[in-house]
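I have placed the structure first, in the form of structure tokens, so that the comments after it can refer back to it.
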Amino acid sequence: MTPSVVHQKFLYLCAALGFAVLVSGLAVGVLTESKVWALSAVVLESLGSAVLFPILVSFSYDRLKEKWLGDEVWRIFNELSDAGISRVYKDRELSPRRDNAQTRLSEEFRSFENGEILMMGVSLRVFFNPLGPFYRDIETMLRETGGRVRIRAVVCDPANPDVPVRAAIEEAGRSPEHTSQLERDIESTRVTVAGLRATMGPHVDLRLATSAPYCTTVIFPHVCYYSPNLLAPKAPVGLPMILFRSGAHGFKMIHASFEYVWQLPTTRDPAGR
């Protein structure tokens, strides 16, 4: 028997006892003319009402609260559904719970067998770092699909005006003569992608963009994983990961943003192809 069931039974018992004491007091007060018994009736009525009425009020409040919360949850669910949002994770990090954004995105890479994946972010270091959580999944996907999967990725060009601004905010106190971590991350992504092309074939294309991507996004044909990027003292982690289903307005807008940046004349191939 669960604790909640035990608690409910205890409250029902207390309510029944309180009701019995209250009725007893009312009966004594009606049936007797003795002052002593009348005083006893008042005591019984006070005791019974003191036990019964708080339980009734609490029970009624709980039922109303469930209804209010149910209405609120349903309203939020409808608004998310209308916006084409199929899931919102509190962040994109790994958590002890099985259902988290990192685990789901890893499974998405491993199960994807045919089509194109679009990726956009400041450096995409979390995806194209051999020690990162997704690199092995991406590498395995490319190896096992034998060219049926293509990746197009956009990151910041080191010449992007946003790069020194972001680096200055995220790396306060860094000496100007030292290369920023952000620039090293971008270079690491470039080298890793070049290595993937050398071993897996020309199925990963990387472009460097001078227009700042204000999100980290991975677009599959059926779903888009989106997390905002902000200028902040720390790298923008801990922000929600939103999943837009294919065909939704948000999905179309993010897809269109990627294609626009990809086709800009200033967006370049670091290998000069």
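For the single chain, residues carry numbers from 1 onward in sequence order.
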*Assess whether side chain to side chain contact (heavy atoms under 4.5 Å, CB included) is satisfied between Phe127 and Val218, documenting all intermediate values.*
CA-CA 10 Å; Phe127 299 97; Val218 183; 3.6 Å; yes
What are the two closest heavy atoms between [X] and [Y], and how far apart are they?
X	Y	answer
Pro213	Gly121	CG-O, 3.4 Å
Asp162	Asn160	N-OD1, 2.8 Å
Ser180	Ala167	CB-CB, 3.6 Å
Met200	Arg143	CE-NH2, 3.7 Å
Leu208	Pro270	CD1-CB, 3.8 Å
Glu108	Val223	OE1-CG1, 3.9 Å

*Assess whether salt bridge (charged side-chain N to carboxylate O under 4.0 Å, His left out) is satisfied between Arg190 and Glu187, documenting all intermediate values.*
CA-CA 5 Å; Arg190 185 193 68 78; Glu187 176 61 15; 2.6 Å; yes
*Val122 pairs by side chain to side chain contact (heavy atoms under 4.5 Å, CB included) with which of Val155, Thr216, Asp185, Leu182?*
Leu182
*Could you tell me whether a side-chain N or O of Thr140 sits under 3.5 Å from a main-chain N or O of Arg136, the two making a donor and an acceptor?*
yes
*Are the side chain of Glu171 and the backbone of Gln181 linked by a donor-acceptor contact shorter than 3.5 Å?*
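Flag set: sc Glu171 to bb Gln181 pair under 3.5 Å.
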Any heavy-atom pair between the side chains of [Y] and [X] that's under 4.5 Å?
X	Y	value
Ile219	Phe251	yes
Leu243	Tyr89	yes
Gln263	Thr267	no
Leu206	Phe128	no
Arg87	Arg104	yes
His203	Met141	no
Phe134	Ser106	yes
Cys156	Arg166	no

Just how far is it from atom [atom1] of [X] to atom [atom2] of [Y], taken to the nearest 0.5 Å?
X	Y	atom1	atom2	value
Lys252	Phe244	NZ	CZ	13.0 Å
Thr145	Asn114	OG1	CG	8.5 Å
Met253	Tyr260	CE	OH	12.5 Å
Ile186	Leu124	CD1	CG	9.5 Å
Glu183	Asp157	CD	CG	10.5 Å
Arg184	Arg125	CZ	CZ	12.0 Å

*asked:* Considering only residues two or more places apart or on different chains, which pairs with a residue in residues 98-117 satisfy ring-ring contact (aromatic ring centres under 6.0 Å, His included)?
replied: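 Qualifying pairs, neighbours excluded: Phe109-Phe220, Phe112-Phe220.
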*asked:* Under the criterion side chain to side chain contact (heavy atoms under 4.5 Å, CB included), I'd like the reasoning laid out for Leu118 against Glu259: C-alpha separation, chi angles, the key distance, then a yes or no.
replied: CA-CA 9 Å; Leu118 311 179; Glu259 293 292 0; 4.1 Å; yes
*Could you go through the side chain to side chain contact (heavy atoms under 4.5 Å, CB included) check for Ser211 and Thr266 one step at a time?*
CA-CA 9 Å; Ser211 69; Thr266 53; over 6 Å; no
[Y] reachable from [X] in the ILVMFWY side-chain graph, under 4.5 Å edges:
X	Y	value
Ile85	Ile254	yes
Leu196	Val191	no
Tyr214	Ile242	no

*Check the pair Arg197 / Asp205 against salt bridge (charged side-chain N to carboxylate O under 4.0 Å, His left out), numbers first and verdict last.*
CA-CA 8 Å; Arg197 289 179 62 90; Asp205 286 336; 2.7 Å; yes
*Look at Arg110 together with Asp137 and state whether they make a salt bridge at an N to O cut-off of under 4.0 Å.*
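Answer for the salt bridge query: yes.
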*Apply side chain to side chain contact (heavy atoms under 4.5 Å, CB included) to Arg207 and Asp269, showing your working.*
CA-CA 5 Å; Arg207 295 290 184 270; Asp269 185 334; 3.3 Å; yes
